[in-house]
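Comments concern the structure below.
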Protein chains: 2
Amino acid sequence: MVSATLTKHSDLDGQAPFKGCQENFKQPEGLVGKNPGRKQRLSAHDVLFYEGDKAERLYEVVRGVMMLYKLLPDGRRQVVYILREGDMLGFSNRDFFDCTAEALTEVELQVFEGREISTSPMMQHYVNRCLLSQMENLHEHTVLLGRKSALERVSTFLMGLVPNRGGHGCEGPLEEGQPDTRTVELSMTRQEIADYLGLTIETVSRVISQLKRRGLIKVEKQDSIHISNICGICQLTGMH
Amino acid sequence: MVSATLTKHSDLDGQAPFKGCQENFKQPEGLVGKNPGRKQRLSAHDVLFYEGDKAERLYEVVRGVMMLYKLLPDGRRQVVYILREGDMLGFSNRDFFDCTAEALTEVELQVFEGREISTSPMMQHYVNRCLLSQMENLHEHTVLLGRKSALERVSTFLMGLVPNRGGHGCEGPLEEGQPDTRTVELSMTRQEIADYLGLTIETVSRVISQLKRRGLIKVEKQDSIHISNICGICQLTGMH
DNA sequence: TCAGCAATTTGATTTGGAACAATCGGATTT
DNA sequence: AAATCCGATTGTTCCAAATCAAATTGCTGA
């Protein structure tokens, strides 16, 4: 069922001039008929495609986390985007991918062939919505890379992992029966985080240790971080 | 005549799965009929819209140069995109602009109302093409901000101003009667360049002086730079 | 032509993060 | 349980770019 895969942006409706056609999202039959629903699975660190590969299909992340990155000839790497459930990848302006796509965790993908996209207005609209969302995230990340300190970068990164941030009661104790949204899974090594934030592993590690020492976070099993003081971290992002 | 305004991406055709519908670009009558062709003019440093303004129309840069930027609460600024002839702006995923748009030079814009975009497949395709192009440029700029040195940043910036770069004969003398593509107009102050490259004005100035001393460029009237040795600059971008 | 001002350049100093170098800690293997 | 491995952490030193501070250049208008 394709409607289950087109989930992430359905809450983004409004009166913007160019935002896709949300009414169609409620009736996905047109696409279901044509799309055999091909799925693809990846293990952590599998590469889906390399920069320079021929761009022939689009993918939607159904489960798991992926990253897009670019390499400089001398080996420096910059992770340019993190893709989560509902995000699409595989876009290309030219014939070839401008980034490498690699799985950070186990990943399940929905695959769309080129022709199904260009012939389906619904797909076009959904793809457009994804592009706009990615563009805004890239703008925000550009500010991080161009103007923020290491502490601000790591704090911003952590805040980005907290679901429904911006709500009130950010200091209160955990509600009974609620999932613990204050414990976030990094699903990335220190090296991957560093390459995403434009820092070195050592700097990322030092900032995390500093936040730990200040009592703002607790590190559990290195890949899982409990944010004891969300407001405190939020104040450190440079955005408040 | 709208065809004159939809120029920039016509050379980007290919077999990519999702790249707009270039055949339509040859027959722009559909759009001409509906679009009264409203134009808008800006002087240098005029703001077209502010971050947070309601997003209600799209714009195409017909002439001149603009920038998109974001501000942090303490006044730090990051220029996230430079828009030139053929580029579109005004996209929004939500109802509000995520960036401020300001003219760097005198600018002439073509204005498109929200409904004309969502009802015209041709516009949708063109907009899509623009989004994909901007996305790739943002990826490249992300690498610059995250991983490049000041010298590499400024060199990359200069190379981005050279039209048809990558051609042969980059060292040869000027052809008779050819426009001098080796003299580029910055159309930006040092502060604007610094805010684009994630540096300070002093660092930008020092790198430019260094390139001057090394005989790679000549600065004319501060806003115009003659690149005496394109290959030399190209080698400094970190990409070769 | 000459103030006056703003933008740029240049100089001196500081500093945040990189680079280099151990060490630690948890997981896996034997 | 000991050995190995690999990612993460911590310590030290170094350096590129930021910051602070003049000096210079170029532009504008009287």
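Letters A, B, ... mirror the listed sequences (proteins, then strands); counts begin at 1. Predicted, not measured: the structure shown is a model, and the values here were computed from it.
Nucleotide dT25(D) holds its P atom 18 Å from the CD atom of Glu220(B), rounded to whole Å. Atoms CG (Leu145(B)) and C1' (dA17(D)) sit 15 Å apart, rounded to a whole Å. Per the geometry, CZ belonging to Arg190(B) stands 19 Å off P belonging to dT24(D), to the nearest Å. Remark: P of dG7(D) and CD of Glu192(A) are 10 Å apart, rounded to the nearest angstrom. If you take CD1 of Ile201(B) and P of dC20(D), they are 13 Å apart, rounded to a whole angstrom. If you take CG of Asp195(B) and P of dA18(D), they are 11 Å apart, rounded to a whole angstrom. Following rounding to the nearest Å, Asp74(B) (CG) and dA18(D) (P) show an atom-to-atom distance of 15 Å. At whole-Å resolution of the value, CG in Leu186(A) and C1' in dG7(D) are 13 Å apart.
Side-chain atoms of Arg153(A) come within 3.5 Å of backbone atoms of Leu197(A) as a donor-acceptor pair (strictly under, hydrogens ignored). Judged purely by atom type and a 3.5 angstrom limit, Thr200(A) uses its side chain to pair as donor or acceptor with the backbone of Thr203(A). Remark: the backbone N or O of Arg77(A) is paired with a side-chain donor or acceptor of Arg147(B) at under 3.5 angstrom. With hydrogens and angles disregarded, a donor-acceptor distance shorter than 3.5 Å links the side chain of Thr237(A) to the backbone of Cys234(A).
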side-chain contact (heavy atoms from CB on, under 4.5 Å) between Met88(A) and Tyr59(A), intermediate numbers included: CA-CA 6 Å; Met88(A) 298 206 73; Tyr59(A) 306 88; over 6 Å; no
Derivation and outcome, side-chain contact (heavy atoms from CB on, under 4.5 Å), residues Glu136(B) and Arg94(A): CA-CA 10 Å; Glu136(B) 294 196 2; Arg94(A) 307 183 247 98; 2.8 Å; yes
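With respect to the salt-bridge test (charged N to carboxylate O, under 4.0 angstrom), the residues Glu51(A) and Lys70(A) qualify. Ion pairing of Glu152(B) with Arg76(A) is present here, as a side-chain N (NZ or NE/NH1/NH2) and a carboxylate O approach within less than 4.0 Å.
As judged by a 4.0 angstrom heavy-atom cut-off over every strand, Ser205(B) is placed among the base-contacting residues.
Within a heavy-atom distance below 4.0 Å of DNA chain D, no residue of residues 211-219 of chain B is found.
Taking the C1' atoms of five terminal pairs at each end of the helix from dT1(C)-dA30(D) to dT30(C)-dA1(D), the two resulting helix axes are inclined by 40°, rounded to 10°.
Taking the six-membered ring wherever Trp is involved, the centroid distance between the rings of His141(A) and Tyr196(A) falls below 6.0 Å.
Considering Asp98(A), Leu68(A), Thr100(A), Leu145(A) in turn, Leu68(A) is the only one that fulfils the side chain to side chain contact (heavy atoms under 4.5 Å, CB included) rule with Val80(A).
Inspection of the Asp195(A) and Tyr69(A) side chains reveals no N or O donor paired with an N or O acceptor under 3.5 Å.
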Base versus backbone protein contacts along nucleotides 16-28 of chain C [heavy-atom cut-off under 4.0 Å; B, S, -]: -SSBB--------
